[in-house]
There are 2 protein chains.
Amino acid sequence: MANPDPAEVTTAIDLGGPIEWRSLHETVVARLRDLIAEGQLPEGSRIIERELCDQLGVSRTPLREAFKVLASEGLVEILPNRGAVVTRLSPREAHDMLAVLARLEAFAGELACLHATDDELRGLRDLHERMMEYYRQREKLEYFRINQSIHVEIVRVARNEVLRSMHGRLHARMKRSRFRGNDIPDNWAAAVADHEELIVALETRNGRLAHDVLRRHIEASWTRLANSLAIDPASYD
Amino acid sequence: MANPDPAEVTTAIDLGGPIEWRSLHETVVARLRDLIAEGQLPEGSRIIERELCDQLGVSRTPLREAFKVLASEGLVEILPNRGAVVTRLSPREAHDMLAVLARLEAFAGELACLHATDDELRGLRDLHERMMEYYRQREKLEYFRINQSIHVEIVRVARNEVLRSMHGRLHARMKRSRFRGNDIPDNWAAAVADHEELIVALETRNGRLAHDVLRRHIEASWTRLANSLAIDPASYD
DNA sequence: TGCCTGCATATTGAATGCAATATGCAAATC
DNA sequence: GATTTGCATATTGCATTCAATATGCAGGCA
């Protein structure tokens, strides 16, 4: 490792990575995802292409391409010759999604015990502690944010990209729904207890336990959600 | 239930349901899916928009919209300003997909035991018998076709649309890959034995057993596939 | 001879325009 | 007065056009 050739010095300068060019429709997809997640585009609202075009400052072509992507992700529904509406989540769909989510995350927990580095587990513990702090302060919103990022992180360290992308899609659809956050206050303590157990399971790399805790945790979240909607949780099984 | 008012008679005529209008881009999506599944558009092949437009007889707009959908399904990859290529499946991705598929179908088997009607179970048995006939005759292709439809049918009768759509997507991506059928001849007998056990599990509505058999069956299919590629199956776990 | 630069061509990305379809309202009919 | 029919408007679906970017090759320079 002698001094580098002067001609190669330039390569050593940190340029902050290659500047990435995002095509317009890609940007529009991202923006619409956010708008839907934040509820700016409420469920069931019909979208008139031209209006959105004016508001976003793009022409109809990239917007329409973006709609196709969002439709394939299940965030909007395209009615032939009648435009797009933001999909409305029925309790049935919410139940089905949570049922699948429970199995996927349970699997992720199992894999995380196999593949996560010690550093990553420490990072999860760290997130957990911060979440607990918000819990003690009853800061629902911040708690919710960290809670979500814990679940996302577990799936990430499971080292299965297919699993991650499927989970991400489901997660996105749940996140933006009108049910958002509805499953928290009821039995908040129980949810937190699940997380305590989960972190320990991960730290001891007890895959079986992590699997079972996550599955129970998410299935319970359906119960909490159903209760908050005055629905019999069992009526959808 | 007296004779209906003559004015209402028309509603009683069977019109074969509403005629459905498929937009062009939708048709293109379906066609491209087939072309990719059949290998007409081989993996890794770059697609020049204009060429395909001429061949399909459509303009670039619906084709591009179709690409966005297929990209979001993972069948093609869009390189900014450089066009689309049919995605190539690496052994890593094949492994990851099968791992997820195993869990999803296992869950589906469990649900099928709860929700399938007796008629549907008889239908599955019927498919199974036909598949066995092809097995005895060593008709690989027909065996393969029925085999696939059995798996699809199990997911259908599980009565969870979210599960079904996710499974369908994974299934489509596996189907078209160069690995197609590669996992059959090795240990064909073992695969068939799994199916025998599976059908019995379903008929006795033994959810736990159906779950475990399906999971094992698909995980074993990774082993078969890895062997046929001269890969150590364990090296990807 | 090997590499770099600059231009010509090919191809994609986005905007616009036109045709087809749906929607809403008013007039006509029973 | 209620229902239906026909027309005007609004909106989407698709084709075409224009602009931006990438690709390949020829010529210049060390």
Side-chain angles (χ1 to χ4, degrees), chain A residues 4-11 13 15 17-33 41 44-72 75-87, chain B residues 4-11 13 15 17-32 36 41 44-72 75-87:
Chain A
D5 185 318
E8 291 175 13
V9 163
T10 50
T11 65
I13 298 173
L15 301 170
I19 73 160
E20 46 190 277
W21 189 79
R22 288 184 106 188
S23 62
L24 206 42
H25 69 261
E26 220 172 333
T27 313
V28 171
V29 167
R31 173 73 74 87
L32 289 182
R33 255 200 284 262
L41 294 174
S45 69
R46 184 182 169 191
I47 297 172
I48 283 112
E49 289 182 0
R50 188 55 196 251
E51 275 180 30
L52 247 184
C53 287
D54 293 344
Q55 289 175 20
L56 296 177
V58 300
S59 86
R60 284 177 56 217
T61 308
L63 182 69
R64 286 174 57 79
E65 291 182 347
F67 274 153
K68 297 292 175 300
V69 174
L70 295 174
S72 142
L75 287 173
V76 305
E77 206 168 344
I78 294 180
L79 314 173
N81 291 317
R82 283 192 297 158
V85 297
V86 181
T87 47
Chain B
D5 185 317
E8 289 175 13
V9 164
T10 51
T11 64
I13 299 173
L15 301 171
I19 74 161
E20 47 189 279
W21 188 79
R22 285 186 106 186
S23 61
L24 205 42
H25 68 259
E26 222 172 332
T27 313
V28 171
V29 166
R31 173 72 75 86
L32 289 182
I36 293 173
L41 294 174
S45 70
R46 184 182 169 191
I47 298 170
I48 283 112
E49 290 181 2
R50 189 54 197 249
E51 275 181 30
L52 246 184
C53 287
D54 293 343
Q55 289 176 22
L56 296 177
V58 301
S59 86
R60 284 177 58 216
T61 308
L63 182 71
R64 286 174 58 79
E65 291 183 347
F67 274 154
K68 297 292 177 298
V69 174
L70 295 174
S72 142
L75 287 173
V76 305
E77 205 168 345
I78 295 179
L79 314 173
N81 291 316
R82 283 193 297 160
V85 297
V86 180
T87 47

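Just the heavy atoms: all of them, side chains too, but no hydrogens, waters or symmetry mates, feed the values below. We name chains A, B, ... by the order of the sequence lines, and we start the count at 1 in each one. Keep in mind it's a predicted model, so treat the numbers as computed, not measured.
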K.L.:
Want to settle it: does A/E26 or A/R46 sit nearer the 5' end of DNA chain C, counting the closest nucleotide to each?
P.N.:
A/E26

K.L.:
What are the two closest heavy atoms between A/L63 and A/E49, and how far apart are they?
P.N.:
CD2-O, 3.5 Å

K.L.:
Distance from B/D54 atom CG to B/R60 atom CZ, nearest 0.5 Å?
P.N.:
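Output value for this atom pair is 11.0 Å.
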
K.L.:
So, for A/R46 and A/V85, which heavy atoms are closest and what is the spacing to 0.1 Å?
P.N.:
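Reported closest heavy-atom pair: CA-CG1, 3.7 Å.
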
K.L.:
Could you state the atom-to-atom distance from CG of B/L24 to P of C/dA20 in whole Å?
P.N.:
14 Å

K.L.:
Rounded to whole angstroms, how far apart are CG on A/L63 and P on C/dG13?
P.N.:
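Value for this atom pair: 17 Å.
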
K.L.:
Less than 4.0 angstrom between a side-chain N/O of B/R82 and OP1 or OP2 of C/dT12, yes or no?
P.N.:
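It does not, given that no N or O in the side chain of B/R82 lies less than 4.0 Å from OP1 or OP2 of C/dT12.
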
K.L.:
Please report the shortest heavy-atom distance between A/H25 and A/P62, naming the atom on each side.
P.N.:
CB-O, 3.6 Å

K.L.:
Whole-Å distance between C/dT12 P and B/L52 CG?
P.N.:
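In whole Å, C/dT12 P and B/L52 CG are 10 Å from each other.
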
K.L.:
In whole Å, I'd like the distance from the CZ atom of B/R60 to the P atom of C/dG13.
P.N.:
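Result: 8 Å.
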
K.L.:
Do A/E65 and A/V29 have side chains that get closer than 4.5 Å, going by heavy atoms?
P.N.:
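Result no, sub-4.5 Å side-chain heavy-atom pair not found.
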
K.L.:
B/S23 or B/P80: which one's nearest nucleotide on DNA chain D is closer to the 5' end?
P.N.:
B/S23

K.L.:
Which atom names give the shortest non-hydrogen contact between B/F67 and B/I78, and what distance separates them?
P.N.:
O-CD1, 4.0 Å

K.L.:
Taking only side-chain N and O atoms of A/H25, does any of them lie within less than 4.0 angstrom of OP1 or OP2 on C/dG13?
P.N.:
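No, A/H25 has no side-chain N/O under 4.0 Å of OP1/OP2 on C/dG13.
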
K.L.:
B/E65 has an atom CD; how far is it from atom P of C/dT12, in whole Å?
P.N.:
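Nearest whole value for this atom pair: 16 Å.
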
K.L.:
Just to confirm, is there a sub-4.0 Å distance from OP1 or OP2 of C/dA14 to any side-chain nitrogen or oxygen of A/T61?
P.N.:
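Checking C/dA14 against A/T61, no side-chain N or O comes under 4.0 Å of OP1 or OP2.
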
K.L.:
At a heavy-atom distance below 4.0 Å, which nucleotide of DNA chain D is the first touched by chain A, and which is the last?
P.N.:
D/dT11 to D/dG13

